[in-house]
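Both backbone and side-chain heavy atoms feed into the values below; hydrogens, waters and symmetry mates do not. Naming: A, B, ... by sequence-line order, numbering from 1 per chain.
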2 protein chains.
Amino acid sequence: MTEKKRRGRPRQAEVARLAGVSQTTVSLVLGGNKQGIVIHEDTRRRVLEAARTLGYVPDPAARRLAAAQNNLLGVFSFTATFPTDPAHSYYPFLVGVEREAAARGFDLVLFTGSSTGGAGAEAPGALERVRLADGCLLFGRHVPTGPLRRLVEDGFPLVHVGRRDEVEGLTWVGADYVAASAEVVRHLVAAGHRRVVLVREDDDAPASTDREAGFRQGLAAAAGGEGAGGDQGVEGDQGAGGEKGVEGAVVRLRAPAEELTADWVVAQRAAGVTAFVAEETDTGAAWRALRGAVARAGLRAPDEVSLALLGSPPPDLPADGEATGFDIPRAELGAAAVRALTDLLAGRRPGGTLARCAFRPGSTTGPPPTATT
Amino acid sequence: MTEKKRRGRPRQAEVARLAGVSQTTVSLVLGGNKQGIVIHEDTRRRVLEAARTLGYVPDPAARRLAAAQNNLLGVFSFTATFPTDPAHSYYPFLVGVEREAAARGFDLVLFTGSSTGGAGAEAPGALERVRLADGCLLFGRHVPTGPLRRLVEDGFPLVHVGRRDEVEGLTWVGADYVAASAEVVRHLVAAGHRRVVLVREDDDAPASTDREAGFRQGLAAAAGGEGAGGDQGVEGDQGAGGEKGVEGAVVRLRAPAEELTADWVVAQRAAGVTAFVAEETDTGAAWRALRGAVARAGLRAPDEVSLALLGSPPPDLPADGEATGFDIPRAELGAAAVRALTDLLAGRRPGGTLARCAFRPGSTTGPPPTATT
DNA sequence: TTGTAGGCGTTATCAC
DNA sequence: GTGATAACGCCTACAA
């Protein structure tokens with residue numbers, strides 16, 4: 001086929017011939033010489049000179065092969081949404097991942113099959129491909145525990161970004177959604193709200209569970225004791241209130257979209273609900289549903305109703321940048337994940353990471369309206 | 001040292017042992033088997049089965065060394081700014097790259113040293129790492145032509161994103177900055193402006209050259225013939241005007257920042273300049289300098305002065321989203337680059353690509369103020 | 001149809 | 001100090 005690459009890429013052997021030494025010596029001089037072997041300054045100079053005139057550059061493949069390490073960190077994402085949809089995307093994490101990986105001398109492998117919205121991640125064995133890297137970072141709201149468990153059992157270095165306890169022995173780094181969500185709720189209660197509703201998606205991803213836990217915790221703290229109500233469908237009613245009269249309810253979105261109507265919003269307000277919070281997910285479904293319903297009900301935040309988002313608004317809704325909520329330190333998390341992974345590779349036990357999310361005051365919350373409806 | 005990684009990275013030899021065949025047979029079954037050698041269905045099945053249970057994945061370094069392909073496309077970026085600086089970043093391109101690569105069954109390797117602002121890209125041989133991949137995409141305002149030429153001469157498949165003619169034989173896909181810039185200028189002239197100044201950086205990257213060419217072309221078209229003035233420093237005066245009295249001048253930023261003062265803006269306006277355009281670069285320096293100077297001069301667009309950007313505003317200036325200018329179809333370009341690269345890999349000659357940029361009307365331009373100063 | 005042997009370019013282990 | 005020699009994992013003649 002293609003003339004073979006040969007000639008044009010000098011190897012150590014040629015450098016050796018030119019310098020009149022053995023190939024081993026060339027390797028010693030050019031390579032780090034980690035073994036601390038002493039070499040004549042003359043020899044050394046000759047080798048360097050020869051390498052320079054020949055324009056010698058080490059072959060990365062050979063180098064990695066010999067080193068029995070590829071200096072490659074994988075990035076695999078199990079994503080619900082299509083990866084090119086800007087609404088999802090692990091790119092924000094990627095900047096931290098890249099920075100840290102670069103600092104540690106690793107290149108990155110983006111496993112695309114992973115994110116081909118269905119075709120890839122499901123494909124049996126798709127995940128197996130990560131073995132080509134020295135270790136791998138995992139992203140996703142849900143993960144296929146079966147194949148993953150196998151990788152873990154084989155001792156393949158893996159770090160999941162986001163809490164993930166389903167798989168025994170899987171290392172993860174995450175953000176403290178519980179504390180951050182609680183803080184948002186406290187903010188609402190402090191502003192005077194007494195009845196708050198959380199809108200969330202219907203699947204039980206750790207990211208959702210944590211947010212709900214934080215929501216309840218925030219209410220409980222405000223109430224001075226007990227937590228909020230239980231899970232209900234859209235038509236569900238409020239949960240038990242706390243001692244200070246602080247009450248909360250959780251609404252699960254059965255279908256991805258349009259489940260929340262203007263009527264529902266009106267009914268909630270009639271029942272005394274003055275603030276709504278929605279969880280952030282990769283699709284942003286809860287938040288979209290909430291703000292859509294509120295808009296259709298003709299209500300405006302923060303004057304007529306308070307809205308908060310447990311996270312950041314989806315990138316395709318830049319106008320929502322001022323929503324009250326919290327910011328996930330994505331780049332930081334990405335970097336922390338890389339550190340954990342390299343720890344694993346070095347045989348060290350990575351220290352646990354639970355990054356703090358910064359509260360974002362925003363402008364969609366305020367005191368509850370004095371008059372009702 | 002560290003127990004060696006082994007165990008957890010199955011080799012063909014182990015698959016062979018498990019399947020009760022030789023390592024060659026494994027290679028034949030698992031590798032493409034390009035030679036069309038026929039293998040017993042039984043053997044084949046046994047090998048496949050063994051590979052699956054062991055979770056075998058070929059080692060990319062070894063494959064490359066043996067001159068085979070890895071289904072890996074590289075991404076290497078020569079960037080001036082620090083890669084983690086959101087102001088720059090090739091991420092917008094990456095979504096297109098990833099989508100197209102996934103569609104064609106390739107994974108991506110992000111060569112990180114590439115963008116470590118200095119440490120990586122400069123290191124001799126840093127670029128050589130791309131040889132681990134089957135081919136590579138290149139990004140950057142400037143590139144080290146030496147090392148690049150070498151790869152090209154070796155026939156390594158490379159595609160540069162953005163026009164790049166310095167390196168003979170290098171394939172590139174780009175956006176038509178000339179036409180897009182001319183369109184912006186025509187827009188200004190059509191609005192009534194007669195004296196326009198282009199602010200650009202001082203290096204001669206193709207991206208800058210093209211924009212200036214478009215600027216001149218736009219003026220020339222408006223003037224019904226001749227182009228605009230020549231290059232000048234900040235203190236330079238206007239170039240020759242066209243027949244309809246349309247004049248333009250080009251100002252180069254000598255230093256990255258603060259070169260443009262309020263006084264300069266005032267002087268320009270006194271000289272009859274009613275519109276300014278700035279080129280977009282990875283740092284956004286020209287645009288920042290221009291809008292800063294205009295702001296300090298106390299002028300507001302579009303009422304007192306018209307401002308346009310030859311490109312999109314930097315991501316860290318979201319408020320500038322409404323600047324008149326044009327949008328580079330980054331994802332499209334990324335995808336086109338992948339197509340070109342896979343064409344190269346398949347031995348096909350990639351068709352040239354010069355993507356069209358969409359004009360963005362924005363709200364920073366309007367008719368020139370009727371009264372002066 | 002399957003196995004044996006050699007090589008790709010480096011690094012690492014020993015003798016010399 | 002320096003140089004054979006043996007991996008590293010895979011591919012591909014060529015032999016059986």
Begin from the C-alpha positions of B:Phe106 and B:Asp134 and carry the test side chain to side chain contact (heavy atoms under 4.5 Å, CB included) through to its verdict.
-> CA-CA 10 Å; B:Phe106 286 90; B:Asp134 298 343; 4.0 Å; yes
Rounding to an integer number of Å, can you tell me how far [X] [atom1] sits from [N] [atom2]?
{"X": "B:Arg11", "N": "D:dA7", "atom1": "CZ", "atom2": "C1'", "answer": "13 Å"}
{"X": "B:His40", "N": "C:dT2", "atom1": "NE2", "atom2": "C1'", "answer": "11 Å"}
{"X": "A:Glu41", "N": "D:dT2", "atom1": "CD", "atom2": "P", "answer": "11 Å"}
{"X": "B:Gln69", "N": "D:dT12", "atom1": "CD", "atom2": "P", "answer": "11 Å"}
{"X": "B:Arg17", "N": "C:dT2", "atom1": "CZ", "atom2": "C1'", "answer": "18 Å"}
{"X": "B:Leu28", "N": "C:dA5", "atom1": "CG", "atom2": "P", "answer": "17 Å"}
{"X": "A:Arg64", "N": "D:dC8", "atom1": "CZ", "atom2": "C1'", "answer": "15 Å"}
{"X": "B:Leu30", "N": "D:dC11", "atom1": "CG", "atom2": "P", "answer": "8 Å"}

Does B:Val38 or B:Ala66 map to a spot on DNA chain C nearer the 5' end, using the closest nucleotide for each?
->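 Upstream on the strand: B:Val38.
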Please classify the nucleic acid contact of [X] as base, sugar-phosphate, or nothing, using heavy-atom distances under 4.0 Å.
{"X": "A:Leu65", "result": "base"}
{"X": "B:Gln12", "result": "sugar-phosphate"}
{"X": "A:Thr24", "result": "base"}

Apply side-chain hydrogen bond (donor to acceptor under 3.5 Å, both in side chains) to B:Arg348 and list each qualifying residue two or more places apart in sequence or on a separate chain.
->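 For B:Arg348 the side-chain hydrogen bond (donor to acceptor under 3.5 Å, both in side chains) partners, ignoring immediate neighbours, are B:Asp343.
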Is the shortest side-chain N/O distance from A:Arg63 to OP1 or OP2 of C:dT10 below 4.0 Å?
->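 So the side-chain polar atoms of A:Arg63 never come under 4.0 Å of the phosphate oxygens OP1 or OP2 of C:dT10.
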Between D:dT2 and A:Thr43, is there an OP1 or OP2 to side-chain N/O distance shorter than 4.0 Å?
->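 For D:dT2, OP1/OP2 do have a side-chain N/O of A:Thr43 under 4.0 Å.
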Looking only at side-chain atoms of A:Gln23, point me to the closest of D:dG1, C:dT11, D:dC10.
->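 That would be C:dT11.
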For residues A:Leu108 and B:Phe111, determine if any side-chain heavy atom of one lies less than 4.5 Å from a side-chain heavy atom of the other.
->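 Of all side-chain heavy-atom pairs linking B:Phe111 with A:Leu108, none is under 4.5 Å.
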Can the ring centroids of B:Phe93 and B:Tyr91 be said to lie less than 6.0 angstrom from one another?
->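 Not under 6.0 Å, so no.
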Ionic contact status for B:Glu128 with A:Arg9, cut-off 4.0 Å |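 Salt bridge: yes.
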